[in-house]
Protein chains: 2
Amino acid sequence: MARKRFENFCCSTAQTLDQIGDWWSLLIVRDLFAGARSFTALADNLGVARNILTDRLKRLTEHGVIEKAPARSADERFAYRLTEKGRDLLPVMIALMQWGDKWVRGPGCEPLLVVDARDGKPVRPMSVRAWDDRILGLADIRSLPGPGAQRAAGEAVSSPSPVTKDTAPA
Amino acid sequence: MARKRFENFCCSTAQTLDQIGDWWSLLIVRDLFAGARSFTALADNLGVARNILTDRLKRLTEHGVIEKAPARSADERFAYRLTEKGRDLLPVMIALMQWGDKWVRGPGCEPLLVVDARDGKPVRPMSVRAWDDRILGLADIRSLPGPGAQRAAGEAVSSPSPVTKDTAPA
DNA sequence: GTAGCAGGTTGCAACTCGCAACCCAGCCCG
DNA sequence: CGGGCTGGGTTGCGAGTTGCAACCTGCTAC
């Protein structure tokens with residue numbers, strides 16, 4: 001069956017996944033962050049099937065995450081680039097990478113280090129911050145319905161909330 | 001065809017996606033963050049097919065992201081809970097949610113607000129930080145091969161690096 | 001003028017997802 | 001103590017995607 005789309009989900013996480021949560025889309029974005037630009041470079045780096053790559057590039061373009069510039073520079077015809085929307089995925093990419101570094105590869109086995117360009121030190125682990133910059137853990141945050149909340153059918157972050165989060169007890 | 005697995009990719013992002021990058025896995029994790037615990041609650045909230053849910057729960061359990069506790073409390077037989085590894089996905093979840101808030105829903109339309117439990121203020125937008133806590137943009141960081149770097153076939157973050165990132169020109 | 005390459009498109013086969021129906025083990029109730 | 005209800009799945013089927021490889025196209029180079 002067709003993959004279910006998440007458009008009418010309440011939480012923005014679902015919306016995000018609907019646009020870039022695809023298996024390949026995020027890796028394409030990662031490669032664009034890393035400097036890849038041409039169709040062939042992406043295809044070679046990722047090892048993705050070309051028809052799939054075509055489809056994903058089209059979809060990402062439609063969503064405004066990347067753009068296809070007809071800039072030809074000798075050995076490439078088009079250059080795919082991140083838009084501002086795409087570049088704004090940096091925290092997501094870094095968070096995913098750090099999680100993989102920590103929990104999949106294990107400490108000391110990072111294949112790629114992201115460092116501060118100024119002093120060459122690794123960047124900090126991503127963390128949720130309060131307005132006064134305190135680092136917040138799961139126990140320090142609450143979630144509540146925002147301005148765009150809609151109690152539409154098919155979605156309701158209800159359930160027996162643990163200590164950590166709740167969604168307006170009434 | 002079978003979805004390609006990313007196990008032998010260099011970048012940890014691919015590894016992360018291999019474990020939790022599935023369409024449903026991240027939403028399951030999100031719901032667990034939000035307090036859902038039982039099989040039925042997850043199935044109802046997400047609207048996911050039960051066989052798929054079974055499969056994803058099994059896979060997430062195998063990867064150690066969640067655990068299935070036989071804790072029965074009257075109306076549920078089992079309780080699925082996040083492990084420490086799973087709880088460590090908080091930055092990823094928040095980053096995804098914030099991106100969706102900003103770029104899909106638009107400002108002022110957030111369906112869910114995550115706030116500091118202490119003062120009720122919204123948490124800060126996720127951002128990459130230097131060791132001295134400066135907020136770093138794409139232009140402020142570099143990436144270089146880490147201790148686990150392997151120039152294995154099928155992966156090479158090469159390509160004509162832009163100003164932003166590079167991968168050790170030799 | 002033809003070889004080569006970037007950038008796709010097309011067809012086929014294998015694999016997965018979604019749906020709905022079925023199963024099973026505990027309880028709750030009479 | 002037998003039947004129904006509910007939680008938590010499993011099974012089968014058909015439609016939809018993915019992966020692979022082959023083919024096409026518009027340029028440039030030789």
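When reading the values below, keep in mind they use all heavy atoms of this one structure, side chains included, and skip hydrogens, waters and symmetry mates. If you're wondering where the values come from, they're calculated on a predicted model, not measured in any experiment. Letters A, B, ... are given to chains in the order of the sequence lines, protein chains preceding strands, and every chain is numbered from 1.
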Reported CD1-to-CD1 distance for the pair B/Ile20 and B/Ile66, which is rounded to 0.5 angstrom: 12.0 Å

For atom CG of B/Asp44 and atom C1' of D/dG8, their distance in whole Å: 12 Å

Quiz item: B/Arg3 side-chain donor-acceptor pair to C/dC17 base, under 3.5 Å: no

Options D/dG8, D/dG19, D/dG12, nucleotide nearest the side-chain atoms of B/Asn51: D/dG12

Lys/Arg-Asp/Glu bridge criterion (N-O < 4.0 Å) met for A/Arg129, B/Asp133: yes

N/O (side chain, B/Lys68) to phosphate O (OP1/OP2, D/dG7) under 4.0 Å: no

Integer-rounded Å distance: D/dT6 C1' and B/Phe78 CZ: 14 Å

Short side-chain N/O contact from B/Lys4 to OP1 or OP2 of C/dC15, under 4.0 Å: no

side-chain hydrogen bond (donor to acceptor under 3.5 Å, both in side chains) against A/Glu110, all qualifying residues, sequence neighbours excluded: none

Check: B/Arg77 side chain, D/dT6 base, donor-acceptor under 3.5 Å: yes

DNA chain C contacts among residues 56-67 of chain B, heavy-atom distance under 4.0 Å: B/Arg56

Short side-chain N/O contact to D/dG8 OP1/OP2 from B/Thr54, under 4.0 Å: no

Listed nucleotide nearest any side-chain atom of A/Ala49, set D/dC20, D/dG7, C/dA6: D/dC20

Any residue meeting side-chain contact (heavy atoms from CB on, under 4.5 Å) with B/Glu62, in chain and number order, not counting sequence neighbours: B/Lys58

Nearest-angstrom distance from the residue atom CG of A/Leu46 to P of D/dC20: 13 Å

Distance in angstrom units between B/Asp55 CG and D/dG8 C1', rounded: 15 Å

Between D/dG9 (P) and B/Ile28 (CD1): distance, integer Å: 12 Å

d(CG, A/Leu27; P, D/dT18) in whole Å: 14 Å

Donor-acceptor pair (no angle test) under 3.5 Å: B/Arg50 side chain, D/dG8 base: yes

Side-chain N or O of A/Thr40 closer than 4.0 Å to phosphate OP1/OP2 of C/dG7: yes

Closest non-hydrogen atom pair between A/Lys85 and A/Gly64, with its separation: CB-O, 3.6 Å

Separation of atom CD1 in B/Ile52 from atom P in D/dT17, rounded to whole Å: 14 Å

Distance-minimising heavy-atom pair for A/Trp99 and B/Gln19: CH2-OE1, 3.8 Å

Distance below 4.0 Å between A/Tyr80 side-chain N/O and C/dG8 OP1 or OP2: yes

D/dG19 OP1/OP2 closer than 4.0 Å to side-chain N/O of A/Trp24: yes

Among D/dT18, C/dA6, D/dC20, the one nearest A/Asp22 by side-chain distance: D/dT18

Nearest-angstrom distance from the residue atom CD of A/Glu76 to P of C/dG8: 12 Å

Working for side chain to side chain donor-acceptor pair (under 3.5 Å), residues B/Asp88 and A/Trp103: CA-CA 9 Å; B/Asp88 222 16; A/Trp103 290 103; 2.7 Å; yes

Lys/Arg N to Asp/Glu carboxylate O, B/Arg5 vs B/Asp18, below 4.0 Å: yes

